[in-house]
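Remarks on the structure that follows.
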Amino acid sequence: SHILEATGLKKYYGSEPNVTKALNGVDLSIEQGEFVSIIGTSGSGKSTLLHMLGGLDVPTSGSVVIRGKEIAKMNDEQLSVFRRRNIGFIFQNYNLVPILNVYQNIVLPIELDGGKIDQEYIDNIVRLLHLEEKLSNLPNNLSGGQQQRVAIARALASKPAIILADEPTGNLDSKTSLEVMQLLKLTMAEFNQTLVMITHNPEIAQVADRMIRIEDGKIINTDRER
Ligand code: ADP
Ligand code: ADP
């Protein structure tokens, strides 16, 4: 069974006569543990798709089903709880809290949610992402690559089944980007998590199990490599 399923997904912005068809009928099924990259030119609908998949915005028509639940059927409160429990987001700007050290940043979402910190799991993530030596540093004392890894650790910390990432290595040089992606892939595989990632970079997209190309709001090819 699929952990994430989009069917006939459409998203139109604006109203007649100025309608932008950002998504124009997307069908997509993603298995648990799968790593999918989404590529396509600017304006092709990648971010819109990721927002729909994460329940950050409502589709014009079609459905998104996550772990058997149709997210359009939830009210705002149910949706935000569901999102916190199931989905981690990684965006291009790291959004680290400057006055908290690395460890505090990583566990912040768990603490805000009143959750229990699984220390062994956090230690594992920290080790995989090579952040052991940096836990007491403030974000400003880290390189871009290190800050990016902290943002990844934070997204993983609450053990979301699904991670949605929008250009997660967008601010890094290509060598560091590849390293971060390999680490992320390793971490996700270790915990059988699902990753859907937007990228402009074909080299980064290749790290995924499957690459989806989107053009004018439609998936134009999907290429399975395993
Ligand atoms: P990508 O992420 O591939 O660059 P987007 O999903 O951001 O593409 O955008 C797809 C299309 O929808 C573009 O034409 C964009 O201008 C338009 N669009 C995106 N967000 C909005 C919005 N909030 N309001 C109006 N148009 C939007
Ligand atoms: P990463 O591997 O996470 O990208 P590195 O430690 O390799 O981080 O940093 C990349 C480059 O940036 C190195 O030349 C390093 O000396 C430099 N660097 C690291 N931290 C900082 C910082 N806080 N400010 C400026 N430059 C830094």
Side-chain angles (χ1 to χ4, degrees), residues 2-30 34-66 70-72 74-76 79-80 82-83 86-95 144 148 151-152 155 160 162-174 177-178 180-181 184-185 188 194-225:
H2 295 108
I3 189 164
L4 210 166
E5 198 147 27
T7 309
L9 209 56
K10 294 186 181 180
K11 180 65 177 181
Y12 296 175
Y13 291 109
S15 51
E16 292 292 355
N18 296 308
V19 176
T20 301
K21 298 185 172 182
L23 286 185
N24 207 1
V26 166
D27 298 302
L28 178 61
S29 296
I30 296 172
E34 203 177 8
F35 176 4
V36 176
S37 63
I38 299 174
I39 58 170
T41 55
S42 179
S44 59
K46 302 182 297 297
S47 299
T48 301
L49 176 57
L50 205 74
H51 284 137
M52 299 297 136
L53 295 181
L56 294 174
D57 202 355
V58 185
T60 304
S61 64
S63 70
V64 175
V65 175
I66 300 175
E70 180 165 358
I71 59 178
M74 299 178 204
N75 64 33
D76 286 354
L79 180 58
S80 81
F82 183 82
R83 234 183 354 237
N86 293 285
I87 305 173
F89 293 93
I90 307 173
F91 293 111
Q92 195 166 334
N93 49 344
Y94 321 119
N95 290 323
Q148 185 71 74
I152 291 171
I162 301 169
I163 303 256
L164 301 178
D166 194 347
E167 297 279 359
T169 60
N171 296 322
L172 308 178
D173 64 59
S174 69
S177 296
L178 267 178
V180 168
M181 283 319 306
L184 181 56
K185 186 175 180 174
M188 307 289 303
T194 307
L195 173 61
V196 184
M197 174 188 73
I198 293 175
T199 179
H200 274 102
N201 185 335
E203 209 184 357
I204 297 296
Q206 295 288 342
V207 179
D209 304 318
R210 177 157 58 128
M211 198 159 71
I212 286 167
R213 181 179 297 277
I214 178 165
E215 212 169 84
D216 296 329
K218 285 189 166 149
I219 290 176
I220 58 161
N221 79 43
T222 155
D223 146 45
R224 255 180 208 286
E225 282 177 25

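The structure presented is a predicted model; accordingly, all values stated were derived computationally and were not measured. As the structure lists them, so they are numbered: ligands from 1, and atoms in each ligand from 1. If you read the sequence from its start, that first residue is 1, and numbering goes on from there. Note that these values count all heavy atoms, side chains included, but never hydrogens, waters or copies made by symmetry.
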Considering only heavy atoms from C-beta outward, does the side chain of I198 approach that of S47 to under 4.5 Å? yes
Could you tell me if the side chain of K185 sits less than 4.5 Å from the side chain of F35, heavy atoms only? yes
Tell me the salt bridge (charged side-chain N to carboxylate O under 4.0 Å, His left out) pairs involving residues 43-55, sequence neighbours left out?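 For residues 43-55: none.
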Do the side-chain N and O atoms of S29 and E5 include a donor-acceptor pair separated by under 3.5 angstrom? yes
Side-chain atoms of residues 10-26: list all donor-acceptor pairs with protein atoms under 3.5 Å, sequence neighbours left out, distances to 0.1 Å.
residue: K11; atom: NZ; partner: V58; partner atom: O; Å: 2.7
residue: Y13; atom: OH; partner: T48; partner atom: OG1; Å: 3.3

Listed by chain and number, what are the ring-ring contact (aromatic ring centres under 6.0 Å, His included) partners of F82, not counting sequence neighbours?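 So F82 forms no ring-ring contact (aromatic ring centres under 6.0 Å, His included) with any residue.
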I'd like the residue list for ligand 1, meaning every protein residue with a non-hydrogen atom under 4.0 Å from the ligand. Y13, T20, A22, T41, S42, G43, S44, G45, K46, S47, T48
